[in-house]
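The block underneath contains the structure these notes are about, expressed in structure tokens.
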Amino acid sequence: FVMYLRPAAVRLLPLLLFVPVAGAFLLSPSIYTVPLVEASDSGATSSNSASCLSSSSNPTTESTTMSAPQWFQKEISITAPSRGCHLITTDINKAIKDDLSKIKIGLANLFIQHTSASLTVNENADPDVRRDMEVALNKIVPAEWNRDGTFRHTMEGDDDMPGHMKSSLMGASLTIPIRNGRLALGTWQGIYLNEHRDQGGWGGGHTRHIVITLQGTS
């Protein structure tokens, strides 16, 4: 046993001598030392973080005064003349013009309180766009799904469950920037009220309630 052990010990001896030396070298702080760069009169960068925030010998102080945010909220009712997509930008502007004029920069949020009507922004010039939007929505969610077993929620008529689907697809709210007292809509953009039902729900017509919230600074 001793005769086999001795050659193995001889082979391991260099390794046993190398490990302490290597460990001492790796643990030596000198090999990880990063030299500090001191600031000089010529404007060289210093490693001191505080120097990055220091000001010049003659600092110029600028103060910006911002007004406190203003909030306004109003609920309006709009009666859609029929099922389809209707341009209501004028109605919205008329309802909020006094409060809107007080805001230089901010946001306007419009939220419709219904599950079978929606809001969107789109073309404000050619009425064919609104007609085509309604045609496309009827093809995306056909009324036939109310009768072929696709839908189970059918008790309120063929336009009810499709109306719910279209409402979720189009969305119940809009956020529009306010700039210098006006809604920052593009030249060809208008706000649509999309009425997705023939009877407006339980024979209640097409009167829809929209909550408008304005916030911003003057």
Side-chain angles (χ1 to χ4, degrees), residues 71-97 99-100 103 105-179 182-216:
W71 289 84
F72 305 96
Q73 190 172 82
K74 180 172 292 187
E75 180 178 333
I76 66 171
S77 298
I78 298 179
T79 301
S82 63
R83 175 170 158 174
C85 303
H86 306 280
L87 192 63
I88 61 168
T89 313
T90 301
D91 302 87
I92 298 297
N93 280 324
K94 182 178 179 181
I96 62 175
K97 63 179 181 179
D99 295 332
L100 190 62
I103 299 176
I105 181 170
L107 295 172
N109 178 266
L110 284 66
F111 180 80
I112 190 165
Q113 297 179 302
H114 301 275
T115 61
S116 55
S118 62
L119 299 171
T120 194
V121 170
N122 218 298
E123 163 77 59
N124 65 4
D126 187 355
D128 284 344
V129 174
R130 300 193 289 279
R131 176 264 178 198
D132 293 346
M133 291 276 284
E134 172 66 10
V135 171
L137 286 170
N138 291 336
K139 289 182 178 293
I140 293 169
V141 190
E144 289 75 16
W145 286 359
N146 230 45
R147 299 187 297 271
D148 66 6
T150 301
F151 293 147
R152 294 183 178 180
H153 180 78
T154 60
M155 61 183 297
E156 296 180 49
D158 284 350
D159 62 345
D160 181 51
M161 188 59 211
H164 294 323
M165 291 293 299
K166 294 170 187 176
S167 177
S168 288
L169 288 173
M170 300 296 281
S173 68
L174 298 173
T175 299
I176 301 171
I178 299 172
R179 181 193 296 149
R182 301 181 64 182
L183 297 178
L185 291 165
T187 301
W188 306 110
Q189 287 183 317
I191 301 170
Y192 285 14
L193 165 61
N194 309 303
E195 174 55 64
H196 303 306
R197 299 213 59 187
D198 295 318
Q199 297 298 324
W202 298 105
H206 296 279
T207 299
R208 299 304 194 179
H209 303 286
I210 300 172
V211 177
I212 307 171
T213 305
L214 309 178
Q215 65 93 10

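Everything quoted here is computed from the prediction, not taken from an experiment. Throughout, residue positions are numbered sequentially from 1 according to the sequence presented.
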Run Ile76 and Ile96 through side-chain contact (heavy atoms from CB on, under 4.5 Å) and show every step you take.
CA-CA 10 Å; Ile76 66 171; Ile96 62 175; over 6 Å; no
Given Lys166, which of Asn138, Asn194, Asp159 fulfils the side-chain contact (heavy atoms from CB on, under 4.5 Å) condition?
Asn138
Of all pairs that satisfy ring-ring contact (aromatic ring centres under 6.0 Å, His included), the ones with a partner from residues 124-152, not counting sequence neighbours:
Trp145-Phe151
Determine whether the side chains of Thr79 and Thr207 contain a donor N or O and an acceptor N or O closer than 3.5 Å.
yes
Note: Asn122 and Met133 closest approach over all heavy atoms is ND2-CE, 4.0 Å
His196 and Ala117: which non-hydrogen atoms are nearest, and at how many Å?
CD2-CA, 3.6 Å
Between Tyr192 (side chain only) and Ser118 (backbone N and O only), is there a donor and an acceptor less than 3.5 Å apart?
no
Go through it in stages, so that I can follow the logic: the residues are Arg208 and Ile78, the test is side-chain contact (heavy atoms from CB on, under 4.5 Å), and I'd like the CA-CA distance, side-chain angles, deciding distance and then a yes or no.
CA-CA 5 Å; Arg208 299 304 194 179; Ile78 298 179; 5.5 Å; no
Provide the closest heavy-atom pair for Arg83 versus Glu195 in the form atom of the first, atom of the second, distance.
CG-O, 3.4 Å
Of all heavy-atom pairs between His209 and His114, which one has the smallest distance, and what is that distance?
N-NE2, 2.8 Å
Measure the CG-CG distance between Leu193 and Asp91 for me, rounded to the nearest 0.5 Å.
9.0 Å
Polar side-chain atom of Asn124 near backbone of Gln189 as donor-acceptor pair, under 3.5 Å:
yes
How about CD1 on Ile105, more than 12 heavy atoms from neighbouring residues, nucleotides or ligands closer than 6.0 Å, or not?
no
